[in-house]
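Notes follow the structure.
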Amino acid sequence: MAGYIGSKVAVVSSGAERKKVFTATSGQTSFTGLSYTVNNVHVFQNGVRLVDGTDYTATNGNSITLTVGAATDDQVVVVSYNTFQTSDTVSASTGGTFAGDVNFTGAFTSQGIDDNATSTAMTLDGSGNLLVGKTTQGLTNAGFEVAQSGQASITQSGASALRLNRLSSDGELLQFRKDGSTVGSIGASGGEVYIGNADTGLKFNSGNDYIQPFNVTGGSGRDNAIDIGNSGNRFKDLYLSGGVYLGGTGSDNKLDSYEEGTFTVSWLGATVSPTYNTAYYTKIGRLVYWTHYTGSTTISSVTAALRISGLPFTVKNAVSGYSTLTTSHQTFFNDVNVITGYHAINTNFAYFTVSNTSTGASAVAGSGKFMMVSGVYVTDS
């Protein structure tokens, strides 16, 4: 307690606040001997709080001035507040701990965030990059990062790096955009995944083991509408272990075999020594086409009608398996009418015959002989 000449005053100091009580004289306006921080002071007159700047002025830190003079024995109380630190704060130099929630009405600036675990769980570095689960940028470091540029990167060791889960309905799981416009998506339909854009997509039907054309927008399959490649953008090779349905879906539309190759021609009925004994064939489905040119040939030891052995596939075992062969530029036979023959069913033989008969034709011994021969037949497989 301290006394002052003039008005009576009592001083009470408690912790962070300092209070002075004045008993005013008639018309008194000025009250001195104070110590306060500007804007950190309250003034009460007879228990009523006065309004700063209207009822009084407190601008110099050591006195206040009433706008209207006080009456005799009016009680004027001046309460000033000092700055203080509580135990629940953080020091810039020594740090500290907040026990409760912390709210910021302004900006928050940080050089990194540590969750106080055994290692840093999340870092917001000085460049504005957010790192979760790692402290260094780069795809070689496991964790999640969002760069200041907007690029996000995820690295996981030994497991999937990204999981997308859509609840309740079918539709997009991941949408791709360019300049704000959708250019494609990956989604789910009927428990299967699809990829594509608008009405052009593919659905991977694992339940039935096929990949189907798919309308992404409509969420349904699409028939007879989507091409694979085009005239100026072709795929190279197509490897199939089954067949190809051309022009329809019936069994007659299925092309289940295509083959090209060579075979060695063997001659029966005579000793035939050609310059070339390799023939060529193409098999499309069950239809076999073959062709051969002997070059200059020597014939000897004629014993029977001439025939070719070694056809690459067995001729169909049915009457409908019989088919013709044709010769040209041939000098194997004296009879110029020997220009045809046939494929014997259920064999790998082709017989030469005299035209319009079933009579086998025998070659004539000699040298410098030639033959061009080709045939088409049907096999059972």
Side-chain angles (χ1 to χ4, degrees), residues 138-140 144-147 149-156 158-166 169-263 278-291 312-313 374 376 378-379 381:
L139 288 175
T140 58
F144 172 80
E145 66 181 75
V146 179
S149 64
Q151 183 183 67
S153 302
I154 305 173
T155 300
Q156 168 78 311
S160 58
L162 180 64
R163 297 179 181 179
L164 303 176
N165 184 35
R166 176 177 176 138
S169 62
D170 283 349
E172 290 179 332
L173 292 170
L174 182 61
Q175 186 180 92
F176 302 97
R177 292 194 172 203
K178 172 65 173 67
D179 294 330
S181 299
T182 301
V183 295
S185 63
I186 297 175
S189 175
E192 309 289 356
V193 67
Y194 67 77
I195 183 171
N197 183 38
D199 62 356
T200 306
L202 294 174
K203 179 179 177 180
F204 298 84
N205 196 318
S206 62
N208 297 292
D209 294 330
Y210 61 77
I211 301 172
Q212 68 181 85
F214 192 74
N215 185 325
V216 172
T217 302
S220 60
R222 193 171 179 215
D223 183 49
N224 194 30
I226 299 176
D227 296 333
I228 299 179
N230 59 28
S231 61
N233 298 274
R234 300 169 295 167
F235 288 88
K236 185 177 178 290
D237 295 325
L238 182 64
Y239 293 85
L240 302 173
S241 63
V244 179
Y245 287 89
L246 299 175
T249 59
S251 59
D252 291 341
N253 299 98
K254 184 178 182 181
L255 174 60
D256 56 4
S257 174
Y258 181 89
E259 185 177 328
E260 296 179 352
T262 63
F263 65 96
T278 298
Y280 298 85
Y281 73 90
T282 299
K283 180 178 182 290
I284 303 175
R286 293 187 299 150
L287 190 67
V288 182
Y289 168 79
W290 64 274
T291 182
F313 301 94
S374 61
V376 178
V378 177
T379 182
S381 61

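Computed from a prediction, not measured in an experiment: that's the story for all the values here. Numbers here simply count residues along the sequence, with the first being 1.
- Side-chain contact check for Y289 versus I284: every heavy-atom pair is 4.5 Å or farther apart.
- In this structure a side-chain-to-backbone donor-acceptor pair under 3.5 Å is missing from N215 to S220.
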Discussion item. Pair F214, L202 - check side chain to side chain contact (heavy atoms under 4.5 Å, CB included), show working.
Written reply: CA-CA 5 Å; F214 192 74; L202 294 174; 5.7 Å; no

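- Between the T155 side chain and the L139 main chain, a donor and an acceptor come within less than 3.5 Å of each other.
- When side chains are defined from C-beta on, R222 counts as touching T200, because their heavy atoms get closer than 4.5 Å.
- In terms of heavy-atom proximity, T182 sits nearest to N197 at O-OD1, 4.2 Å.
- Between the side chain of E192 and the backbone N or O of S206 there is at least one donor-acceptor pair closer than 3.5 Å.
- Side-chain N or O atoms of R234 include none that pairs as donor or acceptor with a backbone N or O of G229 at under 3.5 Å.
- Around atom CG of D223, no more than 12 heavy atoms belonging to other residues, nucleotides or ligands sit under 6.0 Å away.
- Nearest heavy-atom pair across A152 and F144 is CB-CE1, 4.5 Å.
- Contact detail for G247 and N253: the closest heavy-atom pair is C-ND2, 3.8 Å.
- Across every non-hydrogen atom of G138 and E145, the tightest pair is N-OE1, 3.0 Å.
- When every heavy atom of Y194 is checked against every heavy atom of S189, the shortest pair comes out as CD2-CB, 4.0 Å.
- Using bins of under 30°, 30° to 60° and over 60° for the plane-to-plane angle, the ring pair F313/Y281 lands in the perpendicular bin.
- Nearest heavy atom pair, residue G221 against residue Q212, reads CA-NE2, 3.5 Å.
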